[in-house]
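Below is one structure, written out as structure tokens, with a few remarks after it.
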Amino acid sequence: MVSLLTGEEDDELEPEQPDPSPPPTSPPPTSPPPELNEPQAGAVEHSAGPLLVFAGAGSGKTRVITYRIANLIARERVAPWRILAVTFTNKAAGEMRARLERLCGAELARALWVGTFHATCAKLLRIHGSAIGVQPNFVIYDTADQKAVVSRALKDLGLDEKRYPARAVLAHIHKHKQEGRGPDEAASHSYVDDVALRLYRTYEERLRAANAVDFEDLILLVARLLSDTPEGDKIRRRFDYVLVDEFQDTNATQYRFLRELVRGHKNLCVVGDDDQSIYRWRGADVRNIRYFRRDYPDATVVKLEQNYRSSGRIVAAALGVISRSNEREPKELWTANEPGEFVHVVAARDERDEAAFVVDVVRRARAEGTDLREIAVFYRIHAQSRVLEEAMRAANLPYQIIGGAKFYERAEVKDALAYLRILLNPGSDVDLLRVVNVPPRGIGQTTVDRLTAWATLNETSVFEALARIDEIGDLGPPAKKKLVAFRELLERLRAESEIAPSEMVGRVLSETGYVQALKKEDTAESDARIENLQELASSMQDYEAEAEAAGEAPSLAGFLERVTLVSDVDALPNPDGTGPRDDGRVVLMTVHGAKGLEFEHVLLTGMEEQMFPYKGVDPGQTDELEEERRLAYVAITRARRHLFMTHTQMRQIFGTTRWNRPSRFLGELPNGVAEHRKTAAMTGEMQFGRYVDRGPASESRGQPWRHPQTPREAAPEPGSRYVDHEFFDDRTDPVTDMPLRRGARVTHDRFGDGEVLKAVSVGEPAVVVFFPGWGEKKILARFLKPA
DNA sequence: TCTTTGTAATTTTTT
DNA sequence: ATTACAAAGA
């Protein structure tokens, strides 16, 4: 491939391709593959030009993408290395590649570009970044690193960290970057804006100076390369076809990157589902789907509406929740699957009771022979996981928690990585400052402050300042001596940095005295830290083995990149059984973590107002409620056959007890879909086991359940968008257990006798009471007595 | 320089 | 309830 502009050869990195003559081997399916339905086949066989695929939950999205790629190779004769498939998670990328291997053979699949936005752009940026001043060995700063940069900028600009919290500043900066605005393009309407922009500018300068990029930069810088530099054409010429998964989760910058990338041929296929857009708070913009239609008015639009994953009742439950959403792309999800069993809605007394119920369900399922990895427990926020975890452990059930504190964010691991990154890129101040006194080597805050002040003043890196230490006036001889020793340590390590990455970790940890310091500490915690470091070393060996298997040379840079761009959802096995194998373990995770996964059994916990939808959703914040609703939709549609939704009467969270009513989403389940039960603790009956089956459960509203192929009928009538919570009054409302039903006569010390009108939720049981002569009053239940 | 004490904050987080 | 981070004391 010869660059049209410069006549140069494209340097790099097209992996061992055979010449672009017809691709070898041809396993891809023959004309409309029999196992595809009509819209699926349409999407698969679409050849050139923009394509928009609405893929409902469980509608065979991955299958469509992979078949489409196979089709492009086999029938359209597109060279595999000229196809780019972009996902959001490594796991999705891995799954896609695995499927493609089976479909097209390992050799062809290997040549494809399949990766996350970030990994793909990191790769492109390493190759082409020098055109905008990013050197190939750049490091990727994670959130903590970014925060450190902001903190230092605050200090240097003499700003009050209380008034401008680093976290908030960073959020501000990210918002700009996600929307593609540089510090000079962002508008300012106030002094505070000015300050924020000055910080943004400084932040950018610091990152560039350190040859570092943040997550946003990976995309943004490549987008700029594409639109503003001649190098952009080189990147563009790499790809003939671009496919994007989970398009509803792209942000403005990511969309810009895509648009620029396909500017010539417009062979852009985006697949998404506006109903599953759950990352708005992170900059994702569902409107990109609309923009896509605007930007590519001739785009072919395909809707995949048949759900193959879930039972009829589960699909109906999901529809009941999502159909109340505003601003949806019109579509009708349906299934031909069996109606299946009822969705179980279970009222528990408190979170421990709820956890006990979860354990009970897991035990039963296991007794029936269910593989534990087919069972998932979801919650809205991580804070809910602890009780569940304790219950699982007490019951001796193997489980795995996804998310939460991450391995690579542990202090000792970050320290080790910081050393490694300095070796690669000594200009990275954040890393250097992190470890300058770790383990303690007598370099105090004052010394560090003077050192960085000098570096800032002379517009150089801290590492450079160390090299020119004699020029620094205000450092005393003892301080200088210690700093020189540190510099020599780094130089010694750098001199050895040619050895294998995995050996490098050990070398760093011993020569810096890091492990020694931990051993000396000799506490349970320090032991755990040492173990974590050993795990780091072994993950490095894993990386080397994988890289070699993939035909790449393992490098420190490659490992560090992977560390920053990898999360632990990636470690889950795929629905089709590929991916990492694990002994059967129940998976515990947040609903966000569940997207893209599916399980035979799903337990959705904490279905209470304030918990899910999370927090006080004030009427003004309909956007947030909308997102919670989509989140609930995602959660429900993860289940194939068995879905439990639990809620509690009271729950301890963040140290306080809260009484919450059942989630409005429970009230939105269509008739005939769910059955409502209470745990034994709730009914007060002593039974063996907690999940008490007391004959025919109360089906909600008793009407016969309709076949899911007529989803329109399951949708609510206009005008009844939100089901009133009084639906639960005689069932599971916490207030019900007290003599405070609607209509009950009560007495109050000051207002006298009155009548209960309705229950309200204020953190503890409360009701609205009508007192003759006083009117309606909101009263805490504890201030009332039966009249 | 290290330890203690106090304070505030604690959604969600594919990268 | 827990924890992380910052400021003040030993």
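By convention in this document, chain letters (A, B, ...) are assigned in the order of the sequence lines, proteins followed by strands, and residues within each chain are numbered from 1. The basis for the numbers below is simple: all heavy atoms, side chains too, and nothing from hydrogens, waters or symmetry mates.
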Item to check | side-chain hydrogen bond (donor to acceptor under 3.5 Å, both in side chains) involving A:Tyr255 - partner list, sequence neighbours excluded | outcome: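 Checked A:Tyr255 against side-chain hydrogen bond (donor to acceptor under 3.5 Å, both in side chains); matches are A:Asp295.
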Next on the checklist: Taking the nucleotide of DNA chain B with the nearest heavy atom to each, does A:Arg167 or A:Glu216 sit closer to the 5' end?
Outcome noted: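 It is A:Arg167, whose closest nucleotide lies nearer the 5' terminus.
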Item to check | Comparing A:Arg282 and A:Arg380 on DNA chain B - which has the more 5′ nearest nucleotide | outcome: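 Final value for this comparison: A:Arg380.
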Next on the checklist: On the side chain of A:Arg280, is there an atom forming a donor-acceptor pair with the base of B:dT12 - under 3.5 Å, no angle test?
Outcome noted: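 There is none.
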Using the side-chain contact (heavy atoms from CB on, under 4.5 Å) criterion, which residues pair with [X]? Sequence neighbours excluded.
{"X": "A:Glu179", "answer": "A:Lys175, A:Arg181"}
{"X": "A:Ser59", "answer": "A:Ala55, A:Leu304"}
{"X": "A:Val387", "answer": "A:Glu351, A:Arg352, A:Ala355"}

Checklist entry - Mind checking what makes ring-ring contact (aromatic ring centres under 6.0 Å, His included) contact with A:Phe239, not counting sequence neighbours? => result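 Listed in chain order: A:Trp113.
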Item to check | Residues in ring-ring contact (aromatic ring centres under 6.0 Å, His included) contact with A:Tyr633, at least two apart in sequence or another chain | outcome: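 Per chain and number, A:Tyr633 pairs via ring-ring contact (aromatic ring centres under 6.0 Å, His included) with no residue.
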Spacing between [X] atom [atom1] and [N] atom [atom2], to the nearest angstrom:
{"X": "A:Tyr279", "N": "B:dT15", "atom1": "OH", "atom2": "P", "value": "9 Å"}
{"X": "A:Glu95", "N": "B:dT14", "atom1": "CD", "atom2": "P", "value": "17 Å"}
{"X": "A:Glu246", "N": "B:dT13", "atom1": "CD", "atom2": "P", "value": "15 Å"}
{"X": "A:Tyr379", "N": "B:dT13", "atom1": "OH", "atom2": "C1'", "value": "13 Å"}
{"X": "A:Leu631", "N": "B:dT14", "atom1": "CG", "atom2": "P", "value": "14 Å"}
{"X": "A:Ile219", "N": "B:dT14", "atom1": "CD1", "atom2": "C1'", "value": "12 Å"}
{"X": "A:Glu627", "N": "B:dT14", "atom1": "CD", "atom2": "P", "value": "15 Å"}
{"X": "A:Gln384", "N": "B:dT12", "atom1": "CD", "atom2": "P", "value": "9 Å"}

From [options], nucleotide with atom closest to [X] side chain:
{"X": "A:Phe654", "options": "B:dT13, B:dT11, B:dT15", "result": "B:dT11"}
{"X": "A:Trp281", "options": "B:dT14, B:dT11, B:dT13", "result": "B:dT13"}
{"X": "A:Asn90", "options": "B:dT15, B:dT14, B:dT12", "result": "B:dT15"}
{"X": "A:Phe215", "options": "B:dT15, B:dT10, B:dT14", "result": "B:dT15"}

Next on the checklist: Is there a side-chain contact between A:Thr590 and the phosphate of B:dT13, meaning an N or O under 4.0 Å from OP1 or OP2?
Outcome noted: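 For A:Thr590, the contact criterion (side-chain N or O under 4.0 Å from OP1 or OP2 of B:dT13) is met.
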Checklist entry - Given B:dT13, is OP1 or OP2 found less than 4.0 Å from the side-chain N or O atoms of A:His174? => result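 No.
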Just the table, please: protein N/O against nucleotides 1-7 of chain B N/O, every pair under 3.5 Å.
unit_1: B:dT1; atom_1: OP1; unit_2: A:Ile443; atom_2: N; d: 3.4
unit_1: B:dT1; atom_1: OP1; unit_2: A:Ile443; atom_2: O; d: 3.0
unit_1: B:dT1; atom_1: OP1; unit_2: A:Gly444; atom_2: N; d: 2.3
unit_1: B:dT1; atom_1: OP2; unit_2: A:Gly444; atom_2: N; d: 3.2

Checklist entry - Taking only residues at least two apart or on different chains, which pairs with a member in residues 140-175 of chain A satisfy ring pair (Phe, Tyr, Trp, His ring centres under 6.0 Å)? => result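 Only A:His172-A:His176 qualify under ring pair (Phe, Tyr, Trp, His ring centres under 6.0 Å).
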Checklist entry - On a whole-Å scale, what distance lies between the P atoms belonging to B:dT12 and C:dC5? => result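 About 16 Å, rounded to a whole number of Å.
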Next on the checklist: Counting the atoms with a prime plus P, OP1 and OP2 as sugar-phosphate, which does A:Asp142 contact under 4.0 Å by heavy atoms, base, sugar-phosphate, or nothing?
Outcome noted: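 Nothing: the residue A:Asp142, judged by heavy atoms under 4.0 Å, touches no strand.
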Pick out the pairs of N or O atoms, protein on one side and nucleotides 2-7 of chain C on the other, that lie under 3.5 Å.
unit_1: C:dT2; atom_1: OP1; unit_2: A:Arg386; atom_2: NH1; d: 3.3
unit_1: C:dT2; atom_1: OP1; unit_2: A:Arg386; atom_2: NH2; d: 3.4

Checklist entry - So is A:Arg638 actually on top of A:Phe378's ring, under 6.0 Å and inside 45° of the axis? => result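 Judged by the rule (NZ or CZ under 6.0 Å from the ring centre, within 45° of its axis), A:Arg638 is not positioned above A:Phe378.
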Checklist entry - Hey, is A:Lys61 close enough to A:Asp273 for a salt bridge, meaning N to O under 4.0 Å? => result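 Salt bridge: no.
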Checklist entry - Should the ring pair A:Phe292 and A:Phe247 be called parallel, tilted or perpendicular, given that the plane angle runs from 0 to 90° and is split at 30 and 60? => result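 Ring orientation of A:Phe292 relative to A:Phe247: perpendicular.
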